[in-house]
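Below is one structure, written out as structure tokens, with a few remarks after it.
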Amino acid sequence: MTDKRIPFSLPDIRDEDIAAVEGVLRSGWLTTGARTHEFEKEFARYAEAECAVAVNSCTAALHIALEALGVRPDDVVLVPTYTFAATAEVVRYLDAIPVLVDSEPGSLTIDTGQLETILSCLRAENPGKAVSDATECGILARGTARTLKARAGQLPKAIAPVHFAGQACDMDRILTLADDVGMHVVEDAAHALESTYRGKKVGSIGDVTAFSFYATKNLCTGEGGMATTNDPDLAARMRQLTLHGMSRTGWDRYTAAGSWWYDIERIGYKYNLTDMASVLGLSQLARVEEAHARRVRIAERYREGLSGLPGIHAPNDTGEGINAWHLFVIRIDEAEVGIGRDRFFDELNGLGIGCSVHFIPLHFHSFYRETYGYEQNDFPIAADGFARSLSLPLYPRLTDSEVDRVIDAVRSISARFSDGA
Ligand SMILES: *Cc1c(COP(=O)(O)O)cnc(C)c1O
């Protein structure tokens, strides 16, 4: 066979996108300006949020969200262990403590049962004892208990749920729990551009929602991100943090005649998004529904093509809303398939199919192990999800025949090894 390799991910950049960027390049204004403000307006409209602040990454959006919400050194922020580095690292930027939480077995999103246990333990008369008891009964992950006990029963300041693979978390439950203890909700929506939850657009639900426009994401500007919120004051605080804490941006000074003056009102960062990136975002946002419809069709084709395969579990659409289908994560049951995820990955790779693994749980990484004493079996659901998960290619440019090649490859590998078992 001379079939071309199918890459794991491929951005959908079209002539109209290139023309839009060229327009900016020829315009004489490259960095944050009119096009970025237009992108913010359009994005807010799309996300059904009052305000949107453009930044140069989702990581930056998460960081300024927590800072603007008042997270301070030694505050506790709850983060699922099943996520990318960014969700927890921003907590560390603020010298706060990321307390990790295990996942729901199906969706691999943050386990809301564990959240409820955590909060009720912390509000008990003797939080330390409540945490120990809950851990001994097996209703609280050991890793969570260890970091919580070190914080002496302190209530969390914020929670950062992750809409893993594009399926929204149980936001009603999370918001109720957060409300009870006055905890802020900052959603990591890096996978959830098009997602909804019970009729609400992701981006309009929590205190702040952070989106990513990284090269592999559903909308990509190379690097980029957006923070949405319904609170204009919060948006203003975040906006100031994106550009050195200055009272006026370069664009303001350029457009308002004679106003060269600015004041540094706080310490900020260099997180602004360029007009080059913003037009690329605007251009893709105009066809977001079309791109998403294609993702949905690919996911359906995968689900049909992979159904009935023993030991290969395709993701169920169990969420209460639209799934953005950023990732298509299958789970491989070694006992039934005859080989484990690592070997399956290599076999697919050998057949010219690019795959990936999302995610290595945070508590597996040396920083988190060494800093907080985590062990791999501290979060059993996340550890099991990680051991069995494999992400297949999923992007609008993938053709039906390529999807079928991926399906055939999965079927042939699983037939080969389960026969030999
Ligand atoms: C990609 C990703 C991020 C980081 O996005 P950047 O734009 O690269 O900062 C954060 N969280 C999750 C879950 C991601 O997949």
Side-chain angles (χ1 to χ4, degrees), residues 8-9 11 36 39 43 47 52-67 77-93 98 100-101 103-104 107-110 158-169 185-195 202-203 206 208-228 238 241-242 269-274 277-278 280-281 284-285 295 315 319 323-329 355-365 368 382 385-386 389 391 394-395:
F8 172 67
S9 174
T36 303
F39 186 33
F43 196 90
V53 178
V55 281
N56 56 17
S57 72
C58 176
T59 309
L62 292 164
H63 180 194
I64 59 171
L66 292 177
E67 182 162 337
V77 179
L78 300 175
V79 177
T81 188
Y82 211 81
T83 187
F84 181 61
T87 327
E89 113 194 323
V90 295
V91 178
R92 292 287 310 197
Y93 291 178
L100 302 182
V101 181
S103 305
E104 308 265 8
S107 62
L108 295 175
T109 54
I110 196 162
I159 178 171
V162 179
H163 305 302
F164 178 68
Q167 184 182 309
C169 302
V185 178
V186 175
E187 296 163 59
D188 181 336
H191 299 180
L193 175 70
E194 303 96 335
S195 306
V202 164
V208 180
T209 307
F211 293 89
S212 174
F213 310 136
Y214 177 67
T216 59
K217 301 286 156 73
N218 288 21
L219 184 154
C220 69
T221 62
E223 302 286 354
M226 194 74 80
T228 62
M238 290 197 289
L241 290 172
T242 66
Y269 308 96
K270 176 66 180 169
Y271 279 169
N272 58 306
L273 191 69
T274 66
S278 293
L280 201 45
Q284 287 167 62
L285 194 59
R295 285 179 181 273
N323 189 326
W325 288 113
H326 172 58
L327 298 175
F328 194 89
V329 181
C355 312
S356 192
V357 172
H358 299 87
F359 289 103
I360 305 169
L362 293 176
H363 73 281
F364 276 48
H365 293 285
Y368 291 94
F386 164 63
S389 289
S391 306
L394 173 55
Y395 42 91

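One-based numbering, in listed order, for ligands and for the atoms of each.
- Ranking protein heavy atoms by distance to atom 8 (O) of ligand 1, first place goes to Tyr214 CB, 3.9 Å.
- Classified by interplanar angle (parallel below 30°, tilted 30° to 60°, perpendicular above 60°), the ring pair His326/His191 is tilted.
- Distance from atom 1 (C) of ligand 1 to its nearest protein heavy atom, with residue and atom name: Lys217 NZ, 1.6 Å.
- Of the protein's non-hydrogen atoms, Thr59 OG1, 2.5 Å is the one closest to atom 9 (O) of ligand 1.
- With sequence neighbours left out, the ring-ring contact (aromatic ring centres under 6.0 Å, His included) criterion links His363 to Phe379.
- His191 NE2, 2.7 Å is the protein heavy atom nearest to atom 15 (O) of ligand 1.
- Counting atoms of ligand 1 from 1 in the listed order, those under 4.0 Å from a heavy atom of Gly224 are 7 (O).
- Atom 7 (O) of ligand 1 has as its closest protein heavy atom Ser212 OG, 2.7 Å.
- With a 4.0 Å heavy-atom cut-off, ligand 1 is reached by the side chain of Ala190 but not by its N, CA, C or O.
- Taking the side-chain contact (heavy atoms from CB on, under 4.5 Å) definition, one finds that Pro11 meets it with Ile13, Cys220, sequence neighbours left out.
- Taking OG1 of Thr83 as the reference point, atom NE2 of His358 lies at 10.5 Å (rounded to 0.5 Å).
- Only the side chain of Phe359 comes within 4.0 Å of ligand 1, judged by heavy-atom distances.
- Rounded to the nearest 0.5 Å, atoms OH (Tyr82) and OG (Ser103) are 7.5 Å apart.
- No more than 12 heavy atoms of other residues, nucleotides or ligands sit less than 6.0 Å from atom OH of Tyr214.
- Scanning all protein heavy atoms for the shortest distance to atom 11 (N) of ligand 1 gives Asp188 OD2, 2.7 Å.
- Atom OG of Ser278 and atom CZ of Phe43 lie 11.5 Å apart (nearest 0.5 Å).
- Counting heavy atoms under 4.0 Å from ligand 1, residue Ala86 touches it through the side chain alone.
- Looking at Phe84 next to ligand 1, no N or O pair under 3.5 Å apart turns up.
- In plain terms, the two heavy atoms of Val202 and Ala189 that are nearest each other are CG1-CB, 3.8 Å.
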